Amino acid sequence: MRANWWTSSSMLLVPLITAAAATTTLAAEFPKPVTQWTCAEFLSVDDEFKPTVDSWATTFAKGGQPEGAAIDIKGIERVTTQIIGECTKAPQASFWSSLKDGWKRVEAEPEAE
């Protein structure tokens, strides 16, 4: 029983440790706050970590308090896709503004399921 607990627990911790390491790396590469990033800086983040950046920045934008216990994975995916598209067109635009505008659009869309 104990081996199963360790295996499942360690499987859950690996992504968290990886995300923490990526966030630390990002902080070292971008000395200014995410609220001052340009779209070009966001686009320079590895594609694998863009949703993590969006999730963290969204939580930060909401005063550090997520609205619910669950993370809106579908919303993060949709916002990330929108931001990548917008930022590709206007690399000098504000990432922070793109993030906020993206969430306004996602929250205004009807649930498609």
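We count residues from 1, following the sequence as given. All figures in this text were calculated on a predicted structure; none of them were measured in a lab.
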Would a 4.5 Å heavy-atom cut-off, applied to side chains only, mark Arg78 and Arg105 as touching? no
Please work out whether the ring planes of Phe95 and Trp37 are parallel, tilted or perpendicular, with thresholds of 30° and 60°. tilted
Determine whether a donor-acceptor pair (N or O, by modelled atom type, separation under 3.5 Å) exists between the side chain of Glu41 and the backbone of Thr38. yes
Candidate pair Leu99 and Phe60, rule side chain to side chain contact (heavy atoms under 4.5 Å, CB included), full reasoning: CA-CA 11 Å; Leu99 176 76; Phe60 180 74; over 6 Å; no
Lys50 (side chain) donor-acceptor with Thr80 (main chain) under 3.5 angstrom: no
Between Gln92 and Ala40, the two heavy atoms sitting closest are NE2-CB, 4.3 Å
Trp103 side, atom CH2; Ile76 side, atom CD1 - distance, nearest 0.5 Å: 4.5 Å
Is there side-chain contact between Val34 and Phe42, with at least one heavy-atom pair below 4.5 Å? no
Under the 3.5 angstrom rule, does the side chain of Thr59 hit a backbone N or O of Ser55 as a donor-acceptor pair? yes
Gap between atom OG1 of Thr58 and atom NZ of Lys100 - 0.5 Å precision: 10.5 Å
Might you point out which heavy atoms bring Asp54 and Val79 nearest each other, and give the distance in Å? OD2-C, 4.4 Å
Reported OG1-to-CD1 distance for the pair Thr88 and Ile83, which is rounded to 0.5 angstrom: 11.0 Å
With a 4.5 Å cut-off on side-chain heavy atoms, are Cys39 and Ser94 touching? no
